[in-house]
Amino acid sequence: MRLLAFEWGYLSDYGSELAAGLWRTIYVSAIAIFGAFFIGLVLGAARAHRVPVVSQLAAVYVDVIRHTP
């Protein structure tokens, strides 16, 4: 009995949509990675310069993001 057989015809029928979804996923992931890097760079610089208000706001932001499930 073959319960989990892959249907190769699915790729020929929907291959272009799957490829478009793959590239869209890579594009959105790249935007998220670069955005997170930029935010981390700015917050890291804010914490490193020890300006009290800016450093505390950056610490609060990091704690909120870190403790979000």
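For E7, the CD atom sits in a loose shell: 12 or fewer heavy atoms of surrounding residues, nucleotides or ligands are nearer than 6.0 Å.
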Listed pairs under 3.5 Å, donor-acceptor, residues 46-67 side chains, sequence neighbours left out:
| residue | atom | partner | partner atom | Å |
| --- | --- | --- | --- | --- |
| H67 | ND1 | D63 | O | 2.7 |

May I have the list of side-chain donor-acceptor pairs in residues 20-32 shorter than 3.5 Å, sequence neighbours left out?
| residue | atom | partner | partner atom | Å |
| --- | --- | --- | --- | --- |
| T25 | OG1 | G21 | O | 2.8 |
| S29 | OG | T25 | O | 2.8 |

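Between the CZ atom in F38 and the CG atom in L43 there is a gap of 9.5 Å [rounded to 0.5 Å].
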